[in-house]
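Reminder, nothing fancy here: chain letters follow the sequence lines and each chain counts from 1.
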Amino acid sequence: MKLSVLRGMQDILPHHVHLWQYVEQKARTILELYNFHEIRTPLLEQAELFLRSIGEDTDIVEKEMYIFNDKKGRRIALRPEGTASVVRAYIQNSLFNNPSPQKLYYIGPMFRYERPQKGRQRQFHQIGVECFGISSPSIEAELLWIVKQFFDTLNLKNFSFEINSIGCRKCRISYKESLFKFLRDKIKDFCSDCQRRFVKNPLRVLDCKVNSCREILRDAPLVLDFLCDGCKRHFFDFQEELKHYEIDYIINPRIVRGLDYYTGTVFEVTTSMLGAQNAVVAGGRYDELVGFFGGPSTPAVGFAMGVERIVELAKDSLCLKPKSPLVYVAYVGEELDREVKLVINEIRKEGFIAERAYEKTSLKNQLKKAHKLGVQWVIIVGEEEIKTSSYRWKRMVDGAQGIATLEEIIKLLRERNENK
RNA sequence: GCGGAUGUAGCUCAACGGUUAGAGCACUGGACUGUGGCUCCAGGUGCUGCGGGUUCGAGUCCCGUCAUCCGCCCCA
């Protein structure tokens with residue numbers, strides 16, 4: 001039987017993983033600069049957590065969740081997104097007793113049972129942030145600013161910020177009424193998905209991408225026109241903040257998000273460089289979710305970005321190479337293994353990446369190996385040199401070599417490495 | 001879940017239904033036993049994704065299946 005990776009999952013191999021580390025490192029650096037703290041929650045949760053937060057009639061819950069029963073018959077789900085888990089952890093651990101606001105971030109795999117495609121895997125990775133306790137729109141603006149900063153450090157281009165407000169519960173009551181009236185006599189002309197959505201969650205009809213449906217929806221009422229004074233004000237202030245940050249944005253009234261917990265501000269960052277899977281970042285405000293799960297009423301906002309998609313974008317503009325060892329320790333002659341260990345330990349103690357020959361082979365082969373590894377320096381341990389307690393060094397770039405004590409060689413490495 | 005395309009060496013790709021299936025790169029060893037890149041030689045380079053069927057004969061044609069890619073859908 002041939003074993004292979006599961007559909008929609010992939011190995012991230014060493015020659016590729018350095019890009020991931022780079023992206024993750026940059027994300028951590030910038031998020032921590034803005035006083036976000038990492039939180040790590042389990043990959044498995046009670047299925048109910050997602051059913052109730054994301055919404056039972058969303059696509060994620062209806063057909064994309066990995067759900068199974070464990071040995072005790074509990075309903076378990078692999079997390080399809082991060083927000084629900086973080087909210088659960090926030091409430092369960094009473095993080096609301098810590099100084100407000102709580103600004104959290106996470107990096108990790110998510111699971112959705114979808115048809116795989118480029119930029120869409122069943123196990124995919126998100127870098128996400130969640131802020132609890134800030135109702136001012138300055139936090140939404142700061143989040144988008146962080147995204148922009150992050151993309152700039154990765155040298156990513158060709159993305160656009162799209163924003164919308166879907167209002168609070170209050171606004172949505174009047175909006176839903178109006179939308180319902182609008183759709184009621186036209187719904188027979190919509191696709192079957194829309195007809196189903198119309199019954200269960202009319203807001204979702206707006207998200208349809210079928211051309212004929214979109215055509216009809218062109219005249220549909222916009223949630224933006226039904227915002228209450230508070231939401232209107234909030235959305236206005238949010239845009240003022242974006243202008244202060246000099247972030248170019250467009251208002252896309254069609255963004256309603258695929259998860260039910262959102263209220264007020266929602267946004268997406270899309271790129272034209274990835275084909276159909278064009279969303280790179282998405283998020284919004286969810287002021288009612290903490291209260292909904294029994295925590296104290298707490299304003300909250302967050303976003304998640306798709307790491308696969310960012311890595312895909314970044315790999316063209318970054319062209320990073322994996323690290324090569326700086327030094328290779330070769331040896332000739334018998335019984336010198338102890339000596340090699342001694343030399344290479346000292347070099348590694350200095351923080352230089354070093355590789356060595358593990359098995360006896362010709363010096364020629366060892367140098368070939370060193371060359372392939374891309375090392376800059378080779379140290380040769382041999383009987384001749386040991387007699388004078390010194391070693392031969394060789395600089396690969398120009399072939400220069402000499403004999404020196406280990407202390408002198410390390411000094412040489414230090415100088416050369418600092419010059420770069 | 002639906003539609004389309006594609007599966008041959010580690011990678012990029014060839015081979016009319018007809019011998020024992022090929023090239024380049026990469027990989028391993030040797031020529032060179034204390035000196036890399038160049039060259040030459042020798043080699044694993046393989047259940048032609050998997051399973052059936054048609055045929056005297058299938059990498060090639062047909063069916064199924066699995067996987068990848070593209071579109072729909074969904075999203076990150």
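The side chain to side chain contact (heavy atoms under 4.5 Å, CB included) check on Glu114(A) picks up Glu64(A), Arg112(A), Arg120(A), with sequence neighbours excluded. Among residues two or more places apart in sequence or in another chain, the ring pair (Phe, Tyr, Trp, His ring centres under 6.0 Å) test is passed with Tyr34(A) by none. Here Thr263(A) pairs with nothing under the side-chain hydrogen bond (donor to acceptor under 3.5 Å, both in side chains) rule; sequence neighbours left out.
Atom OH of Tyr261(A) and atom C1' of C75(B) are 12 Å apart (whole Å). Straight-line distance from the CZ atom of Phe124(A) to the C1' atom of C74(B): 11 Å, rounded to whole Å. Regarding Lys118(A), its NZ atom lies at a distance of 20 Å from the P atom of A76(B), rounded to whole Å. Atom CZ of Arg122(A) and atom P of C75(B) are 17 Å apart (whole Å). Put simply, CD on Glu268(A) is 11 Å from C1' on C74(B), counting in whole angstrom units. Note: CD (Gln366(A)) to P (U28(B)) measures 14 Å, nearest angstrom. What separates CZ of Phe303(A) from C1' of C75(B) is a distance of 17 Å, to the nearest Å. Rounded to an integer number of Å, the gap from CD of Gln117(A) to P of A76(B) is 16 Å.
At the heavy-atom level, Asn278(A) lies under 4.0 Å from base atoms of the strands shown. Nucleic acid contact for Val307(A): none, since no nucleic acid atom lies under 4.0 Å from a heavy atom of the residue. Contact annotation for Gly8(A): backbone-only contact, meaning every heavy-atom pair under 4.0 Å involves sugar-phosphate atoms and none involves a base. Ala370(A) comes within 4.0 angstrom of nothing in the nucleic acid, heavy atoms only.
Taking 4.0 Å as the cut-off between side-chain N and carboxylate O, Glu24(A) and Lys26(A) do not count as a salt-bridged pair. Under a 4.0 Å N-O distance rule, the pair Glu45(A)/Arg79(A) does not qualify as a salt bridge. At a threshold of 4.0 Å, the pair Lys103(A)-Glu142(A) counts as salt-bridged, since one of the basic side-chain nitrogens sits closer than that to a carboxylate oxygen.
Under the 30°/60° scheme for interplanar angles, the aromatic rings of Phe96(A) and Tyr90(A) are found to stand perpendicular.
A donor and an acceptor atom, one from each side chain of Glu130(A) and Thr83(A), are located under 3.5 Å apart.
For Phe151(A) and Phe159(A), the distance between ring centers is under 6.0 angstrom.
Remark: the backbone N or O of Ala84(A) is paired with a side-chain donor or acceptor of Glu81(A) at under 3.5 angstrom. For the pair Asp287(A) (side chain) and Ala300(A) (backbone), a donor-acceptor distance under 3.5 Å is present.
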Can you list the steps and then say if Thr405(A) with Ser390(A) is a side chain to side chain donor-acceptor pair (under 3.5 Å)?
-> CA-CA 4 Å; Thr405(A) 64; Ser390(A) 56; over 6 Å; no
Letter by letter from the 5' end, nucleotides 31-46 of chain B scores (B base, S sugar-phosphate only, - none; protein heavy atoms under 4.0 Å) -B-BBBB---------
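Nucleotides A9(B) and A15(B), compared at atom P, are 15 Å apart to the nearest Å. Using C1' as the reference atom, C69(B) and G51(B) are 23 Å apart when rounded to the nearest Å. The separation of G59(B) from U48(B), taken at their C1' atoms, amounts to 5 Å, rounded to a whole angstrom. When the P atom is used for both C13(B) and U6(B), the distance is 14 Å, rounded to whole Å.
Taking the ring centre of Phe292(A) as origin, the terminal cationic atom of Arg52(A) falls inside the region bounded by 6.0 Å and 45° from the ring axis.
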Starting at the 5' end of RNA chain B, what dot-bracket string do you get if Watson-Crick and G-U pairs under 3.5 Å are bracketed, crossing pairs use [ ], other-strand pairs use | and unpaired bases use dots?
-> (((((((..((((....[...)))).(((((.......))))).....(((((..]....))))))))))))....
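A donor and an acceptor atom sit less than 3.5 Å apart, one in the side chain of Arg120(A) and one in the base of C73(B). The base of C75(B) does not come close enough to the side chain of Arg115(A) for any donor and acceptor atom to sit less than 3.5 Å apart.
An OP1 or OP2 oxygen of A76(B) is reached within less than 4.0 angstrom by a side-chain nitrogen or oxygen of Arg112(A).
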Polar atoms only, N or O, under 3.5 Å: list the protein pairs with nucleotides 7-9 of chain B and their distances.
none

